[in-house]
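Below you'll find the structure, written out as structure tokens, and then a few comments.
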Amino acid sequence: MPAITEAQVEAVRAWVVAIPAGRVSTYGDLAAAAGLTNPRQVGWILRTDGADLPWHRVIRASGRPARHLGAEQLARLRAEGVLAIAGRVDLATYRWRPTGQTR
DNA sequence: ATCATGACTCTGT
DNA sequence: AACAGAGCCATGA
């Protein structure tokens, strides 16, 4: 069986979808919310099965977008009302934390 | 089984 | 603040 089950993938997808517009979340938070132990698994899931998700609301713990996404993600966030200062999002303001609403 | 790569994060320098 | 190293887990060759 695969190391990452569909249940885990669905959990991550559900959390990403649950992020409100104008807010962002980090890989680490999503990993914890979905029951994953490693943020890299979240990255893998988004790369593999996240094409149809609002992945632009998922950023790194540094407040910076994922490496290959770069400015495009910041532009998308800015269009939703997330102001990026010097290429980084103010996590203290925009970070959204899973509150257990979907389970 | 081993090695390299990757949408990450932490800690130390 | 910037850079490097290590830890972490999954995948593909």
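Each chain gets a letter, A, B and so on, in the order its sequence line appears, and its residues count up from 1.
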key: Nucleotide B:dA7, atom C1' - distance to CZ of A:R76 in whole Å   = 14 Å

inquiry  = What is the separation between atom CD on A:E6 and atom P on C:dA10, rounded to the nearest whole Å?
reply    = 16 Å

task = Select one nucleotide: of C:dA2, B:dA7, C:dA10, the one nearest the side-chain heavy atoms of A:R47.
result = B:dA7

task = Would you kindly give the OH-to-P distance between A:Y27 and C:dG7, to the nearest whole Å?
result = 24 Å

request  = Give the nucleotide from the list B:dC10, B:dC8, C:dA10 with an atom nearest to the side chain of A:I4.
outcome  = C:dA10

ask   = Closer to the 5' end of DNA chain B via nearest nucleotide, is it A:D29 or A:Q41?
value = A:Q41

query = Between C:dA2, C:dC8, B:dT9, which nucleotide has the shortest distance from any of its atoms to the side chain of A:R64?
reply = C:dA2

query = Whole Å only: how far is the CZ atom of A:R67 from the P atom of B:dG6?
reply = 9 Å

message = Taking any heavy-atom pair under 4.0 Å as a contact, classify A:R60: base, sugar-phosphate, or nothing.
response = sugar-phosphate

query = Picking from C:dT11, C:dC9, B:dA7, which would you name as closest to the side chain of A:L46?
reply = B:dA7

ask   = Could you give the CG-to-P distance, from A:L30 to C:dC9, as a whole number of Å?
value = 18 Å

note = The answer to which of A:R40 and A:W44 contacts DNA chain C further toward the 5' end, by nearest nucleotide, is A:R40

request  = Could you give the distance separating B:dA4 and C:dG5 at their P atoms, to the nearest angstrom?
outcome  = 15 Å

message = Rounded at 0.5 Å granularity, tell me how far CD in A:Q73 sits from CZ in A:R67.
response = 13.5 Å

note = Looking only at B:dC8, C:dT11, C:dA1, the nucleotide nearest the A:R88 side chain is C:dA1

ask   = Is the backbone of A:W96 close enough, under 3.5 Å, to the side chain of A:R23 for a donor and an acceptor to pair up by distance?
value = no

inquiry  = Counting the atoms with a prime plus P, OP1 and OP2 as sugar-phosphate, which does A:S62 contact under 4.0 Å by heavy atoms, base, sugar-phosphate, or nothing?
reply    = nothing

query = Counting heavy atoms not belonging to A:E72, are there more than 12 under 6.0 Å from its CD?
reply = no

message = Just verifying a value: how many Å separate A:T26 OG1 and A:R95 CZ, rounded to the nearest 0.5 Å?
response = 4.5 Å

query = What integer distance in Å separates A:L36:CG from B:dG6:P?
reply = 21 Å

Residues clustering with A:W55 (ILVMFWY side chains joined when closer than 4.5 Å, directly or via others) = A:L69

